[in-house]
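Letters go in sequence order (proteins before strands), and every chain restarts at 1.
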There are 2 protein chains.
Amino acid sequence: MVSIKDVARMAGVSDKTVSRVVNKEPNVHADTLQRVEAAIASLGYVPNMAARLIRSNRSRTFGIITDFISTTPYSGDIVRGIQDWANANGRTVFLANTNGNLDRERETWRTFQSHRIEGVLYVTMYHRVIDPEPDEVEIPTVLVNCRPGSKKPYVSIEPDDLQGSRDLTRHLLEKGHRRIGYIRLNPRLLGAELRYEAFRGTIRDAGLSEKDIDVRLGMDGAIGEENNYVFAAAREILIQPDRPTAIICGNDEMALQVYIAALGLGLSIPNEVSIVGFDDFRTVSHAVKPELTTAALPYYDLGYCGAERLERLLEGEVLEPKHAMLPCRLVERGSVGSV
Amino acid sequence: MVSIKDVARMAGVSDKTVSRVVNKEPNVHADTLQRVEAAIASLGYVPNMAARLIRSNRSRTFGIITDFISTTPYSGDIVRGIQDWANANGRTVFLANTNGNLDRERETWRTFQSHRIEGVLYVTMYHRVIDPEPDEVEIPTVLVNCRPGSKKPYVSIEPDDLQGSRDLTRHLLEKGHRRIGYIRLNPRLLGAELRYEAFRGTIRDAGLSEKDIDVRLGMDGAIGEENNYVFAAAREILIQPDRPTAIICGNDEMALQVYIAALGLGLSIPNEVSIVGFDDFRTVSHAVKPELTTAALPYYDLGYCGAERLERLLEGEVLEPKHAMLPCRLVERGSVGSV
DNA sequence: ATCGCGATTGACGACGTTGTCATAAAAAAT
DNA sequence: ATTTTTTATGACAACGTCGTCAATCGCGAT
């Protein structure tokens with residue numbers, strides 16, 4: 001591997017002068033500069049980050065720790081967002097996923113430590129409460145798409161499920177819906193709690209009562225091996241004579257099942273029943289006809305802003321608020337009609 | 001940051017002895033070993049990879065270059081597969097995505113070079129032909145989910161679209177279907193070509209003629225902003241008096257639209273029409289009722305095996321075949337009936 | 001007691017880079 | 001013309017680790 005010394009020899013200068021050129025320091029004579037640059041190009045010299053790191057103790061590197069990458073289809077966008085920020089700001093990114101294995105997580109922290117990573121983005125693939133286990137390692141950390149439990153006061157960035165659910169509910173109310181069905185997410189998901197809570201609050205504020213809503217549990221059980229009651233629940237809701245005019249689904253995947261159920265019963269969407277989802281999984285929300293009105297999870301922005309927060313943390317800034325929220329934008333498509 | 005010298009001082013030995021302990025070299029006295037290990041634990045010492053790298057010139061590091069992470073929902077599983085292999089084999093992974101930007105790609109190659117990454121996994125999010133642009137940088141590379149164009153003879157690993165499509169078609173034929181509809185992927189996708197080709201070949205081998213099949217274009221246009229004709233095409237196919245008894249869809253997202261179209265026409269699946277997809281996007285294939293019979297893209301395995309191939313490449317092995325194929329496993333669910 | 005041999009340990013340098021300081025050359029000020 | 005300042009350059013050390021080689025120690029064999 002060609003080193004700074006090879007370049008120096010070729011350009012007939014000292015290694016330090018080459019270093020100056022590489023780091024764009026001032027006070028290098030134009031002629032020298034040119035000779036050195038020529039040598040660099042001709043030898044294909046690329047500086048050795050490891051050596052640089054040893055001297056400066058600054059790796060310009062972030063690490064990403066994820067749990068499962070694949071439970072939620074588009075959550076990889078978080079990583080893309082982090083990447084893009086990093087790229088735009090001269091940082092490189094290590095990636096490690098733990099598959100939820102605690103030993104592996106601890107090992108990952110040590111590996112990151114050994115690479116002298118400057119900050120960690122701890123990313124979960126669905127919104128939840130988590131306590132990272134860095135063991136004895138101490139690296140500045142931002143939680144993305146999750147919030148810290150009790151153990152340590154981490155900084156975090158999360159989607160605003162409350163606002164998203166509120167907006168969806170209000171949207172239906174504005175369209176005149178007064179009898180509304182609701183199919184709940186697996187209660188083990190943080191989003192289940194938040195979305196349901198916001199739904200109930202918004203319904204109450206609008207003056208509707210318990211009789212006006214029809215709430216069913218769509219899923220339960222351990223993540224990855226849950227029981228799925230959505231299709232059956234949707235049918236039950238829809239075969240009632242005084243069925244709701246709209247159904248709010250815990251997420252888009254559930255909404256899809258409600259579509260299938262409604263169409264199977266010969267109901268027209270949105271004329272006879274309106275449907276909204278949550279998450280904006282585009283393989284679903286764009287593929288169903290009419291396309292699905294939903295609240296988009298801001299995956300990409302979570303990553304991008306999370307990385308930005310981490311940088312600010314490293315600069316010693318005190319982040320306020322400690323737990324930032326990013327809005328879940330309401331995406332109006334064709335699945336909601338007026339009553 | 002605590003270094004090997006701090007440990008040495010605390011344990012009352014030389015730095016070299018600590019090094020021996022850290023690297024599990026033999027010939028260290030039991031007492032010494034214990035003292036050193038105690039010091040390591042008490043100081044929380046973690047070896048500095050950068051320093052190690054400088055000495056040994058071996059970074060034990062892979063880099064991943066991806067194009068877009070998010071066009072295809074579960075393709076992130078490729079990265080997960082790579083990760084898992086890396087983790088099991090003592091390697092750490094850098095990640096960079098280029099968003100399809102060529103300048104960024106070239107910059108990424110240099111960045112990787114500067115970190116003295118030992119090998120690159122060049123990953124595309126959908127199956128296609130590509131020419132990586134490493135500029136002058138030379139790092140051993142394996143292409144994952146893509147095949148090299150003309151420029152350089154890269155090693156690759158790809159899904160076997162031909163086999164998957166053949167299996168799906170045969171499956172329908174075995175179930176007695178003799179009139180089959182086919183909705184094509186965007187022709188710009190490599191999978192479109194391969195899957196369609198295998199379909200036609202299999203149909204021909206079975207002795208069916210052109211009149212027995214009904215082929216429509218589902219999508220075209222630039223990736224990410226395509227025109228979508230699937231829903232309309234599905235309706236056209238299904239309203240014919242002598243409509244096909246089964247429809248093969250370019251992928252699961254298209255299959256979903258065919259579901260919606262069929263159900264909207266009051267047709268029962270699979271009694272009146274059978275449907276198969278491709279890819280096994282689980283948000284779709286598990287959510288539709290009946291669940292979707294499809295061919296699963298082996299994303300995770302592509303990553304895992306790709307990493308393995310890269311390792312073998314680094315060890316100097318000559319890989320045969322140069323372009324490995326991984327099968328697209330037929331997943332039988334409920335969307336196909338017998339005729 | 002002497003020798004031989006393996007086990008155990010440390011001194012030292014090198015890896016590629018950059019910070020510090022010194023020196024030399026050129027430009028500006030006197 | 002001399003002094004001061006600025007610009008340009010290099011020598012050297014240091015970062016943390018490990019390879020090399022030499023030194024010391026213990027212990028059984030002679």
Side chains of B:Tyr126 and B:Arg188: does their closest heavy-atom pair fall under 4.5 Å?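 Not touching, per the 4.5 Å side-chain cut-off.
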
Please classify the nucleic acid contact of [X] as base, sugar-phosphate, or nothing, using heavy-atom distances under 4.0 Å.
X       : answer
A:Val22 : nothing
B:Pro26 : nothing
A:Ser19 : base
B:Arg52 : sugar-phosphate
A:Ser56 : nothing
A:Asn57 : nothing

[X] [atom1] to [N] [atom2]: how many Å, rounded?
X       : N      : atom1 : atom2 : result
A:Glu25 : D:dG10 : CD    : P     : 13 Å
B:Leu53 : D:dT17 : CG    : P     : 13 Å
B:Arg58 : C:dG16 : CZ    : P     : 16 Å
A:Arg9  : C:dT17 : CZ    : P     : 12 Å
B:Asn27 : D:dT24 : CG    : C1'   : 14 Å

Donor-acceptor under 3.5 Å ([X] side chain, [Y] main chain):
X        : Y        : answer
B:Asp15  : B:Lys5   : no
A:Glu158 : A:His127 : no
A:Glu105 : A:Glu133 : yes

Kindly say if [X] contacts the phosphate of [N], meaning a side-chain N or O under 4.0 Å from OP1 or OP2.
X       : N      : answer
B:Asn48 : D:dT17 : no
A:Asn23 : C:dT18 : yes
A:Thr17 : D:dA8  : no
B:Ser14 : C:dA11 : no

Distance-only donor-acceptor test (3.5 Å): side chain A:Arg20, base C:dG19: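 Checked by distance alone, the answer is no.
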
Using only modelled atom types and a 3.5 angstrom limit, is any donor from either the side chain of A:Lys16 or the base of C:dG19 paired with an acceptor on the other?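 It does, because a donor-acceptor pair links the side chain of A:Lys16 to the base of C:dG19 below 3.5 Å.
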
In terms of side-chain heavy atoms of [X], which of [options] is nearest?
X       : options                : result
B:Arg55 : C:dA11, D:dA8, C:dA14  : C:dA14
A:His29 : C:dG10, D:dT9, D:dT17  : D:dT9
B:Ile54 : C:dC15, D:dG19, D:dA11 : C:dC15

List the steps and the verdict of side-chain hydrogen bond (donor to acceptor under 3.5 Å, both in side chains) for B:Trp109 and B:Gln113. CA-CA 6 Å; B:Trp109 282 98; B:Gln113 176 88 299; over 6 Å; no

Between A:Met1 and B:Val28, name the one whose nearest nucleotide on DNA chain C is closer to the 5' end.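 First, find each residue's nearest nucleotide; the 5'-ward one identifies B:Val28.
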
Parallel under 30°, tilted from 30 to 60°, perpendicular over 60°: which one fits the rings of B:His115 and B:Phe94?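 Aromatic pair B:His115/B:Phe94 classed tilted.
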
